[in-house]
Amino acid sequence: MHHTGSNAKMLRKLNCQLAMCVLLCTVQFLLPASSADPMYECKLEKRQDETVCVFHNVRYFANTTGVTFTAPVSKVQHIAFEDSTLEIFPPELLNSFKDLRSLNVVSTNLSSVVIPAKLERLYASNNRISRVIVHQTRDSTTLQELMLDSNQLRDISNLTRLAKLETLNLSGNRDLPVDDTIDLGQFKGLDSLKYLLLTDIGMNYFENEHNVSLPSLTMLDLSSNNLLTSSLEVKVFEPLQSLEILRIAYNRITDLDVLNLTKGNPNLKTIYLQGSHFQCDHQRLILEHLKKANVETPVDKNQSPCLLGFETQDDMCCKSVAPGILPITTTTLKNNYHPTSSSVPVVPAVPTADPTAPTVAKSDDGKSVGPTVMLSNSCMLTAVTVATITKLILF
């Protein structure tokens with residue numbers, strides 16, 4: 001009986017040890033799997049005329065490490081992220097795909113982005129990007145299209161090394177203006193740039209202090225800003241001799257020196273003026289001149305109703321002419337145009353007097369002193385005689 005109890009006790013001990021061993025082995029087996037570095041594989045999808053490898057539902061944060069990005073094929077040149085959150089740009093991505101030509105990281109919550117060597121197109125709209133890291137030199141640059149709209153950029157000085165860049169969209173970067181001003185000098189060196197978009201960045205002034213030419217620029221978009229007539233002189237556009245399309249719609253412009261604009265930019269073909277604050281008669285004259293200069297003025301037919309005090313003419317809202325104010329005429333436009341000052345034509349404050357009405361004499365202080373009637377020679381002699389007789393009677 002004693003041996004039987006001892007054996008049973010030993011058996012229970014062995015079973016316990018065996019169970020512990022199985023448990024430890026199970027933990028060791030499961031632990032690497034649960035703590036393994038995350039791995040994401042993209043899926044090939046047809047996008048327009050390209051095959052893009054798309055990563056879905058990626059989560060990458062500042063403290064994320066050891067992530068692996070893979071693809072089902074060996075050579076991938078076009079990558080996109082969708083339904084993903086990338087707090088910072090994953091360096092592992094560039095290690096896995098060294099031959100990238102296009103990268104789409106739109107709406108991924110990025111705070112910074114990298115332009116790697118060989119990249120030709122970067123779409124990084126609608127993020128929190130305040131920093132762009134460029135791994136291309138001016139001599140080896142390949143980037144042609146850069147979409148950085150709706151971000152938080154302040155400094156774009158390192159983008160000027162992208163000498164082959166053709167399209168640059170910085171719209172919606174409301175921290176970009178310096179003292180409410182954008183100067184074309186900020187883009188000096190972008191000699192291949194064809195399309196520059198600067199809409200809705202909150203600028204009040206657009207300048208070109210050093211007459212930067214941007215020789216390839218054909219389209220400039222300054223729409224939806226706070227530009228005033230006094231802060232926009234057409235001479236800033238004159239160095240842009242390739243300019244064909246100018247968008248300045250939805251600003252607070254009340255006048256535009258179209259005479260010098262078309263003269264200084266002979267290649268201008270289209271200008272967008274919708275949403276300006278032109279007086280209706282002045283707007284008509286502007287549109288007539290542009291039509292004669294073969295410059296088109298397209299409008300969006302689906303625009304919102306005009307504001308109070310505005311009316312619709314030529315499919316554009318314009319300021320109604322106030323009572324008592326003469327409409328601007330072609331003669332007024334030509335004779336009273338002062339583009340070097342505020343570019344606002346001088347408009348008579350009151351209607352021109354009737355030439356048949358009697359002239360009212362004015363004293364030195366501007367007050368009326370009574371009507372003056374022109375007399376003939378005979379009437380004048382009679383008046384003098386009567387005055388003399390009157391004096392004799394009085395005396």
Side-chain angles (χ1 to χ4, degrees), residues 37-38 40 42 52-55 58-71 76-82 84-178 182-183 185-193 195-198 201:
D37 294 333
Y40 296 101
C42 56
V52 181
C53 206
V54 183
F55 288 98
V58 176
R59 300 291 179 265
Y60 193 98
F61 302 98
N63 58 352
T64 303
T65 57
V67 176
T68 302
F69 294 95
T70 64
V76 172
Q77 292 186 325
H78 309 288
I79 284 180
F81 285 82
E82 294 184 356
S84 300
T85 299
L86 308 175
E87 190 173 283
I88 63 172
F89 192 85
E92 296 89 347
L93 182 72
L94 301 182
N95 294 333
S96 300
F97 303 96
K98 299 182 180 298
D99 200 33
L100 277 183
R101 293 295 187 269
S102 72
L103 176 62
N104 188 325
V105 287
V106 173
S107 301
T108 56
N109 202 42
L110 276 173
S111 59
S112 64
V113 70
V114 176
I115 300 177
K118 299 183 182 180
L119 193 71
E120 298 173 356
R121 289 174 285 138
L122 174 61
Y123 308 99
S125 310
N126 195 31
N127 283 291
R128 301 179 298 113
I129 297 172
S130 59
R131 183 185 179 203
V132 181
I133 303 168
V134 182
H135 288 172
Q136 297 184 6
T137 65
R138 187 171 183 82
D139 295 331
S140 64
T141 183
T142 55
L143 197 71
Q144 299 175 13
E145 188 173 357
L146 180 55
M147 309 297 284
L148 289 170
D149 47 304
S150 299
N151 279 289
Q152 299 173 12
L153 289 170
R154 291 177 178 269
D155 182 14
I156 56 170
S157 57
N158 61 340
L159 300 184
T160 57
R161 74 181 70 173
L162 303 172
K164 293 184 179 179
L165 191 64
E166 296 180 358
T167 301
L168 176 58
N169 190 347
L170 296 172
S171 300
N173 285 271
R174 299 187 68 83
D175 295 327
L176 194 58
V178 178
I182 290 293
D183 193 296
Q186 295 173 254
F187 307 96
K188 185 178 181 180
L190 297 177
D191 294 342
S192 299
L193 193 64
Y195 310 101
L196 177 58
L197 292 87
L198 298 170
I201 60 174

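Positions are given from 1, in the same order as the sequence printed here.
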Side-chain donor-acceptor contact under 3.5 Å, [X] with [Y]:
| X | Y | result |
| --- | --- | --- |
| T137 | D139 | no |
| Y60 | E92 | yes |
| N127 | S111 | no |
| N109 | T85 | no |
| Q77 | D99 | yes |
| E145 | T167 | no |

Can you confirm whether [X] sits close enough to [Y] that some side-chain heavy atom of one is under 4.5 Å from a side-chain heavy atom of the other?
| X | Y | answer |
| --- | --- | --- |
| L148 | N169 | no |
| V52 | I79 | no |
| F81 | V54 | no |
| V132 | D155 | no |

Is a donor on one side and an acceptor on the other found under 3.5 Å between the side chain of [X] and the backbone of [Y]?
| X | Y | answer |
| --- | --- | --- |
| T141 | L162 | no |
| T160 | S157 | yes |
| N104 | V106 | yes |
| R174 | S150 | no |
| Q136 | T142 | yes |

For F69 and Y40, take the angle between the two ring planes, folded into 0 to 90°, and tell me which bin it lands in: parallel under 30, tilted 30 to 60, perpendicular over 60.
parallel

Tell me which one of N151, L197, L196, L198 satisfies side-chain contact (heavy atoms from CB on, under 4.5 Å) with S171.
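The side-chain contact (heavy atoms from CB on, under 4.5 Å) with S171 is passed solely by L197 among N151, L197, L196, L198.
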
Which atom pair, heavy atoms only, marks the closest approach of [X] to [Y]?
| X | Y | result |
| --- | --- | --- |
| L153 | R131 | CD2-N, 4.1 Å |
| F187 | L170 | CE2-CD1, 3.8 Å |
| C42 | F55 | N-CE2, 3.3 Å |

In this structure, CG of L122 is separated from CD of Q144 (nearest 0.5 Å) by 13.0 Å

